[in-house]
Amino acid sequence: MSDTVPQAGSEQRAPAGPEPEPAAPAPLEVGLTPTGDAEVDARLERLADADHLATDGHVEVYEDVHRGLRDALTALDARPGPPAPPSPYQSRS
């Protein structure tokens, strides 16, 4: 056994082997609780499509679901029926 201290940069490294293959997509198996709104539930179920895609394909699914949920929320703000009649008063500045 030697009492010599190795100098910086003199470390030997094992030869690099082939790089490992990326793991195949695996389902996250996140449980979904129904909301009671068929449109919203359908959008949330669409998230399961990402389970079968590579990571770079997730963005498209997430954006589609986000757009659908945003549209559903926007629809809640819409007035049912015909638009309100215009005000008989003129606005003054």
Side-chain angles (χ1 to χ4, degrees):
M1 189 157 142
S2 170
D3 292 333
T4 314
V5 178
Q7 294 181 2
S10 66
E11 301 162 359
Q12 292 185 359
R13 297 181 184 199
E19 293 205 20
E21 292 292 321
L28 295 176
E29 299 179 11
V30 175
L32 294 176
T33 303
T35 65
D37 185 298
E39 182 181 357
V40 171
D41 290 341
R43 292 295 177 177
L44 294 176
E45 287 175 10
R46 168 110 165 82
L47 289 172
D49 293 347
D51 285 347
H52 309 289
L53 300 172
T55 306
D56 59 349
H58 291 190
V59 173
E60 182 181 339
V61 173
Y62 295 155
E63 286 178 349
D64 181 49
V65 171
H66 180 259
R67 186 173 31 258
L69 293 174
R70 186 181 58 228
D71 291 348
L73 286 172
T74 301
L76 293 174
D77 290 337
R79 289 177 167 239
S87 174
Y89 305 103
Q90 293 180 350
S91 61
R92 298 183 182 174
S93 304

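The model shown is predicted, which means the values in this text are computed figures rather than measured ones.
Taking both residues in full, the closest heavy atoms of Arg43 and Val65 are given as O-CG2, 3.4 Å, listed atom of the first, atom of the second, then distance.
Partners of Glu39 by side-chain contact (heavy atoms from CB on, under 4.5 Å), not counting sequence neighbours, listed by chain and number: Asp37, Ala72. Taking the side-chain hydrogen bond (donor to acceptor under 3.5 Å, both in side chains) definition, one finds that Asp41 meets it with Thr35, sequence neighbours left out. Listed by chain and residue number, nothing satisfies the side-chain hydrogen bond (donor to acceptor under 3.5 Å, both in side chains) test with Asp51 (two or more places apart in sequence, or in another chain). Judged as a side-chain contact (heavy atoms from CB on, under 4.5 Å), and not counting sequence neighbours, the contacts of Leu32 are Leu44, Glu45. Taking Arg67 as the reference, nothing meets the side-chain hydrogen bond (donor to acceptor under 3.5 Å, both in side chains) condition, with sequence neighbours excluded. Qualifying ring pair (Phe, Tyr, Trp, His ring centres under 6.0 Å) partners for His58, counting only residues two or more places apart in sequence or in other chains: Tyr62.
In this structure, Thr74 OG1 and Leu69 CG are separated by 10.5 Å, a value rounded to the nearest 0.5 Å.
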